[in-house]
Peer 1: 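Take a look at the following structure, please.
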Amino acid sequence: MAPTLLQKLFNKRGGGAAAPHGRAPGEGPAFSWSSSELDLNEIRLIVYQDCERRGRQVLFDSKAVRKIDEAVVQKMADEASVKTSAKNCQASNGNHSVSSHSPSVSCMQNIKEQIPKYQYTRPASDVNMLGEMMFGSVAMSYKGSTLKIHYIRSPPQLMISKVFSARVGSFSGSNNNLQDSFECINQDPSLGKLSSHQNGLGTCRSGSNLGVFQLCSSKLLQGVSEGGPLRLIRSASFFAAHSTPVDMPSRGQNEDRDSGIARSASLSSLLVTPFPSPSSSSSSSSSYQRRWLRSQTTSLENGIVPRWSTEEMFSMADESCSSNPAMVRRKKIAISIIFSLPEKEEAQRNFQDFFFSHFPLFESHMNKLKYAIEKAMISCRKIAESSQRVQVYISRVMDALGEFRVTIWNLYSVPRIAEPVWLNMMSSTLEKNQLCQRFLKEFTFLIEQINKNQFFAALLTAVLTYHLAWVPTVMPVDHPPIKAFSEKRTSQSVNMLAKSHPYNPLWAQLGDLYGAIGSPVRLTRTVIVGKRKELVQRLLYVLTYFIRCSELQENQLTWSEKAGEGEQVLNGSKITTALEKGEVEESDYVVVTVKNDPALVPPILPPKNDGSKNNSTAEWVREPESAQAVPVSSKEKREAIEKASQTSETSVDCLTGSFCKGAADGKKRTVTDMGILSYHSEESSKLEDVMDTKKKKNQNERKAEKQFSSRSSAVPCPERSGHRTSHLEKVTFQIGSSASPESDLETHRREMEENLKTLIKHPEVIHCASSSTSLTVDASQNQDSVEAAFINKHNVCYAQIPPCEEKESILNQHMESKGTEVNLINSISSEMLLPTDNIETVKLPNMKENRTLCSGNLENYSSDCVEADSAVKQDSSKVGAKDVPYGDSGRKTSFRVEGDIPRNESSDSALGASDEEGDCCIPDEVHHDNISKRLEEFAEVELPLPRSNTISSQCVKNFGRSLLGGYCHTYIPDLVLHGINNDEKLKQCLLADLLHAMHHPVLDEPIAEAVCIIADTDKWNVQVATSQRKMMDSVKLGKDVLVSSQVSSLLQSILQLYKLNVPADFCIMHLEDRLQEMYLKSKMLSEYLRGHTRVHVKELGIVLGIESNDLPLLAAIASTHSPYVAQILL
Amino acid sequence: MNAIVALCHFCELHGPRTLFCTEVLHSPLPQGASSGDISGQNEQAEEEEGGIQMSSRIRSHSPAEGASADSSSPGPKKSDMCEGCRSLAGGHPGYVSHDKETSIKYVSHQHPNHPQLFSIVRQACVRSLSCEVCPGREGPIFFGDEQHGFVFSHTFFIKDSLARGFQRWYSIITIMMDRIYLINSWPFLLGKIRGIIDELQGKALKVFEAEQFGCPQRAQRMNTAFTPFLHQRNGNAARSLTSLTNDENLWACLHTSFAWLLKACGSRLTEKLLEGAPTEDTLVQMEKLADLKEESEGWDGSEEEEKPSSQPDVVEGQELSKSSPETSLVPDCNSWNVAHRRLSVFRSLRHMRQVLGASAFRMLAWHVLMGNQVIWKAQDVDLVQSAFDVLRTMLPIGCVRIIPYSEQYEEAYRCNFLGLGPHVQIPPHILASEFAVLVEVRAASRSSLYPTLFDDEQSLNKYEFLVTSGSPVAADRVGPTILNKIEAALTNQNLSVDVVDQCLVCLKEEWMNKVKVLFKFTKVDSRPKEDTQKLLSILGAAEEDNVKLLKFWMTGLSKTYKSHLMSTVRSPTSSECRN
């Protein structure tokens, strides 16, 4: 095939993604990081030690290391005594054997091992400052590792540092010698001169700051056990000056218990939790669940959940030395890498973009570097002679740093595949047909031409087995909208999840690419080896169809102050639109230019009580979502309510009506009738026992709220669901608010009374599905706010009527339906009618809650209410509470109201009553956590968020574009896919890389195995290397792949179809269908395995059409939907 | 974004303080999962915390409140908190914003309510302002660990003519557990937070300049005269950020800004994730459901006869929304259950095969798969219904047309499954046709005719089944591949019913995929016969029976799929491009 085709394929823009000089700019569309921006030698490494008693020492600063000039080295080599050379040689060999898998091959330094190569000069002047930044001015006693990133403005640098607690082994007496010898490095700086080789460390002496290896002066320090919460152990002057610096809740002694809480709420319990899924066995459920789990495990709402304990320490002792935990000293090691940023702003931004979006990879390499440093420190200790010891140490660390630099540079500048097939097909619809043809042409070429020894089938089998992210893309959806396009669609459920529970899409994409979605989690990369570049590139190109991941979009959110159409935004962003002719498409583009919003978003404040119409917030008032219009008459109303309750699927039917009315400015009566019922039913966290299943079913939140107001949308409309409860239901009914002249106060009052009476007279109506209801209606003092709350021990609800300054009244009622008793407390502002009697009739737990409720309310309102105009006459406010049964009528409800139902007669004395009410309401200082908290939250002043506009653009700074590599000059461990010329370096590094990948997973979650698929187009074999098996010999990197007959038959039929001139896009549809078949077969396999512990291959073959060579593939697929398969098969 | 954003201040008297803090609250689980677990946790937490802590926590919620509102314990509390360390006035309930679309809430208080979060924020605040070192003191830092969360912090100064050094030190921090996300968001957060800081500083600068202009001596005096008493003086002079910026709505503004920041950062990146195409069965079911809806809207009597046949589909359609395609393909679980009680029914294909005997079943199944008319004559309606329910699982849903019971013969184009009363006459040409199979259910002449296979099965023993067709299938005929596989699956007792069901799903989908190709080839592209033959052999379906089967199954393709192929794929044939 003509190279021109390939050129087209790989370098659409004539760039050099796959071109020989792969690092040419413009690799992919809009995705180029020019390596010239990054100066390798400007990546600096500093190792610092902070010892409690001895202060800080620099253990290493790459800036202080100078490579000794080649000539000098030569000269020295000549001069050096035979003895020394021999020793050195021995030493370095020894080192290499110690850590054979941390390769000391540095591409940068090609130096003779025998002679000192490095000169250690005085560390740079900024090193003290950097030390401060690494450790902070106050040390932490936290035992795990701490990660930090600093930005240094001038010269522009980016520093990432990790601080570890040092693990020091218990050493024998020889340690002192070691220590002394290291300390000799730290002598007189003025001697810092390369004097003689014999005392060798002359070079190193110069650094007065070069640290001391305090390998151990083993003082017993208590400490290990207190690893828990962060503590400030070194008192800074600030703390000394102020004895009580921390205004934390008094919980000092309970810190350990706190962490206990955290652990109890940890991942394990989360994992047991059935995942919510959009439908019972939805398609893409595994993707969905992975994302959901991520959002939950990183959630802050319920306190933090430590996800996986990384007791990451800096090991300064051999593994062989038993590290006695009691011996751990308060010693910290900081490793810091500093990137000098290019001065040019754009270049700087490019690198920063790369750095921050690819941070997991940077971190992973940093961990690798740390490991090498540990090894260097440990192994050099074994060298007796101090001069050599230091030299070895320095050169080992420099080697590791060199490795790090090269890796980063490679990662940054590696050629990428310009047009990953899957991603492009997903994102660009315009050339889809062409894309399909192009892909199919390459695909069939490979099937036909290079399937020697089933090579291609084996490769594809391996890719499909390990890069599993294709599976969710073929899982059939079960509810396509009717008349939908029968093609793949974007997953709506995942979209919804992303909105309601944002997770990190970059992270999700990384997991997809590495195929880490099965169970057990395996992280996979694929390397194609071959001298024939063109062929390798073809393979790479085709594989980008099968190695799948999601496409990322970048969204820019803007707000505008006004919602009005076409209205020019005053303070917000200005958006100008222009129509431009599309280059390729028929259609025009709308080009949107956005001027950034100001960073401070002006709040839409509740209006002040100035009597003027305040419409500013009106536009923010939510539209009613499901408001039930109910006729005014109470009877009808009731019917409607009942009807509503019947129709409502949710088990909660509870209603409270309240009327508020407004008179305008004391003169004109407005016809504002508003009824607002917002109704919360929440399951309190307290009961798990009395859950009836019916209830559970309906625990989706239902919420509706409507606010009618001619003038006071400003009234805070608190609507708050207890966020700690797992479920809540909210239904808002809107009652009878037709703006009719009839609706004067009296009418309403009467209606309300009637309602109330009915309520009382017919307890059966009030019966709540669950057994008990307690209703509390209380008006707090300062304003005419009425609160109605239904409380029971299971559910808490509350309702409140916030201050209605302008005579509108609102009743928000939140109720919960499960109480045994109902307290109806209706208090008018002036008369504090919170009869203690009532409370006392309630069971004890309820009482507590009630009281807390009251006190909570008072607290919450006190501030709000100040704004209420006392002069405003509040005519009446009535409350009717009604509880409609929701079906479970098994239990009897007692509805008890003691005393009269108070009427709201006048609220003149609203303000005057505050004291009294306050007294009443804070009876016992019994605070109930949940309730009071909820109330606090409940009372918050609502501020609407500004309307948002989203401007989306394709995001190119993502893993999908950056980790699919082209034909590279060398093996690069991070890439999900790339090609290399030969496997030399691969052989050296692979096992170490795999082990490292397993121990320091870039995915930020534990993985079980790291895998690398190696396809060699020179030897025509495909092998899978894994972190779990050692390589047996030097020839083989891993295990040969079994070719799945499913895959080969798939390949053959695609090829044949293509040859029959079936259109490309249809071939691809068929390909997808066939992949779906594999998925279905895996379902069958998992079903088969459910009952079996042993697999009868014959049975599988004859009946199910599964051959033994299909088993690994199908089992891997099955592991994405049926985790138990792994336990049986793997 | 699952984060907390907070404004912190280093008070000259009291050290680092959290001033204002915005949290994000997501709706609970999308669907009813495990309320038990979570409520259990809460309960546990509560118990562990105990009452005393709670009260202290509440006080700390707005510490000044303790001094002002709580008359019993004034004094010491007050001194702990000055104007400068306070944001919302005592007793202020905080702010909340709702994002309707996502049902996310943003809540602001001075401190988080959750005790653990309180301490997290507190730690972050202390670290941000007094532990971590930022070069130049103003600027971004990231720090954190697994246990205390990860923090993006940006420190800055606010001008204050009364403060030592004429400025006060603040920071805005963002706390997350997902460090990867937080680090990914660095450029974004830096830009936005820097913007907020710039505006705050701008406001404060104006105030500062005005004050300096109005009272230029003040600073000087402060620097000279009051030095020894600096602390006390400053204590009195501690000013709130509101007054430093001369913005009484500052906190509301910060709430909105922080909420906006959280929203914008949370939706900064979104994924486009594809999911698989629905199976043909799913599509057909959806179509049937939609047709039914239309039908019921414009109902007319003439449809009445059709009604019984479509009823099962209604049930399926409703089930569809609750169950996966796989399970809904096993039709009528509920009727299966009902039937199970009555016993005189077929429970599965395997069961039917056992009852009818292998050869009779094979003949029957052959006809079913080929689309020939299957007529059952029986007294027992339930039995016939159960037979159809079982048999239909061999076919794609689109190929199933059932009239479960009729008092007269119905033509084959109307139904491929027909149930008739025992005395209904069947036209002779049908009886002689090779395109129909008749199953007659009669009372068994000998009770021992069929051995009892299951204990609960006596009821079927009272029948004997006679399967006849105009042209019986030759015993040596290979038959459609799928039939042989089905038979193998049914024979193998090791395979559970569920496995057989899955197996049927696989087989049907596999063959429907062949059907699709054939449809495309013959109906859409109208390719010549030779090509079609080639195609069939590629598909492994060149044998006569398989071809017949494919042709019949083609009738079961969903309209959606067909119209999709007709409309979109027809476009420029790739053969042109290729050659």
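Labels below follow one simple rule: chain letters A, B, ... track the order of the sequence lines, proteins then strands, and each chain is numbered from 1.
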Peer 1: Rounded to the nearest 0.5 Å, what separation is found between the CZ atom of B:Phe521 and the CG atom of A:Leu1057?
Peer 2: 8.0 Å
Peer 1: Considering non-hydrogen atoms only, spot the tightest contact between B:Cys503 and A:Met1084 and give its length.
Peer 2: CA-SD, 3.2 Å
Peer 1: Please determine, among B:Ala264, B:Cys506, B:Ala489, B:Gly266, the option with the most heavy-atom pairs under 4.5 Å with chain A.
Peer 2: B:Cys506
Peer 1: With a 4.5 Å cut-off on heavy-atom pairs, point out which of B:Ile141, B:Leu495, B:Asn513 contacts chain A the most.
Peer 2: B:Asn513
Peer 1: Would you confirm whether A:Ser500, through its side chain, and B:Thr102, through its main-chain N or O, come within 3.5 Å as a donor-acceptor pair?
Peer 2: no
Peer 1: Could you walk me through whether B:Val505 and A:Lys1083 satisfy the side-chain contact (heavy atoms from CB on, under 4.5 Å) test, starting with their C-alpha distance in whole Å, then the side-chain angles of each, then the deciding distance to 0.1 Å, before giving a yes or no?
Peer 2: CA-CA 10 Å; B:Val505 171; A:Lys1083 291 284 280 187; over 6 Å; no
Peer 1: Salt bridge check: are A:Arg1090 and B:Asp498 linked by an N-O gap of less than 4.0 Å?
Peer 2: no
Peer 1: For the backbone of B:Val133 and the side chain of A:His150, can you confirm whether one donor and one acceptor N or O come within less than 3.5 Å of each other?
Peer 2: yes
Peer 1: Any idea which of B:Ser257, B:Gly195, B:Ser185 has the most non-hydrogen atom pairs under 4.5 angstrom with chain A?
Peer 2: B:Ser257
Peer 1: Out of curiosity, A:Leu945 CG to B:Lys105 NZ, how far, rounded to the nearest 0.5 Å?
Peer 2: 12.5 Å
Peer 1: With a 4.5 Å cut-off on heavy-atom pairs, point out which of A:Ile152, A:Leu506, A:Leu600, A:Thr146 contacts chain B the most.
Peer 2: A:Leu600
Peer 1: Counting N and O atoms only, with roles assigned by atom type, does the side chain of A:Gln553 sit under 3.5 Å from a partner on the main chain of B:Lys272, one being a donor and the other an acceptor?
Peer 2: no
Peer 1: Measure the spacing between CD of A:Gln509 and CD of B:Glu271 and express it to the nearest 0.5 Å.
Peer 2: 7.0 Å
Peer 1: On a heavy-atom basis, which atom in B:Val517 and which in A:His1070 lie closest, and how many Å separate them?
Peer 2: CG2-ND1, 3.3 Å
Peer 1: Can you find a heavy atom in the side chain of B:Asn184 that is under 4.5 Å from one in the side chain of A:Trp507?
Peer 2: no
Peer 1: Within this structure, what is the CG-CD1 distance for the pair A:Asp1004 and B:Ile180, rounded to the nearest 0.5 Å?
Peer 2: 4.5 Å
Peer 1: Which heavy atom in A:Pro505 sits nearest to a heavy atom in B:Leu269, and how many Å separate them?
Peer 2: CG-O, 3.3 Å
Peer 1: Of the backbone (N, CA, C, O) and the side chain (C-beta and beyond), which part of B:Ile104 lies under 4.5 Å from a heavy atom of chain A, both, or neither?
Peer 2: side chain
Peer 1: If you count heavy-atom pairs within less than 4.5 Å of chain B, which of A:Gln352, A:Gln1056, A:Glu1077 leads?
Peer 2: A:Glu1077
Peer 1: Side chain, backbone, both or neither: which part of A:Met129 has an atom under 4.5 Å from a heavy atom of chain B?
Peer 2: side chain
Peer 1: Which pair of non-hydrogen atoms, one from A:Gln1076 and one from B:Ala277, has the smallest distance, and what is that distance?
Peer 2: NE2-O, 2.9 Å
Peer 1: Would you say A:Pro476 and B:Thr282 make side-chain contact, with heavy atoms under 4.5 Å?
Peer 2: no
Peer 1: If you tally heavy-atom pairs under 4.5 Å against chain A, which of B:Pro187, B:Ala259, B:Gly94, B:Gly139 wins?
Peer 2: B:Gly94
Peer 1: Who wins among B:Ala488, B:Pro140, B:Ala252 for the most heavy-atom pairs under 4.5 Å with chain A?
Peer 2: B:Ala252
Peer 1: Can you give me the closest heavy-atom contact between B:Met1 and A:Pro502, atom names plus distance?
Peer 2: N-CG, 3.6 Å
Peer 1: If you measure from SG on B:Cys134 to NZ on A:Lys148, what distance do you get to the nearest 0.5 Å?
Peer 2: 12.0 Å
Peer 1: Is a side-chain donor-acceptor pair under 3.5 Å present for B:Thr270 with A:Asn555?
Peer 2: yes
Peer 1: Working to the nearest 0.5 angstrom, can you tell me the gap between A:Leu300 CG and B:Ile120 CD1?
Peer 2: 7.5 Å
Peer 1: Among B:Leu539, B:Asn492, B:Asp531, which residue forms the greatest number of heavy-atom pairs with chain A at distances under 4.5 Å?
Peer 2: B:Asn492
Peer 1: Find out whether A:Ser145 and B:Glu146 are in side-chain contact, i.e. whether some heavy atom of one side chain is under 4.5 Å from a heavy atom of the other.
Peer 2: no
Peer 1: Show the numbers, then the answer: is there a side-chain contact (heavy atoms from CB on, under 4.5 Å) between A:Phe359 and B:Trp186?
Peer 2: CA-CA 11 Å; A:Phe359 178 77; B:Trp186 171 301; over 6 Å; no
Peer 1: Can you give me the closest heavy-atom contact between A:Ser137 and B:Ser130, atom names plus distance?
Peer 2: OG-O, 2.9 Å
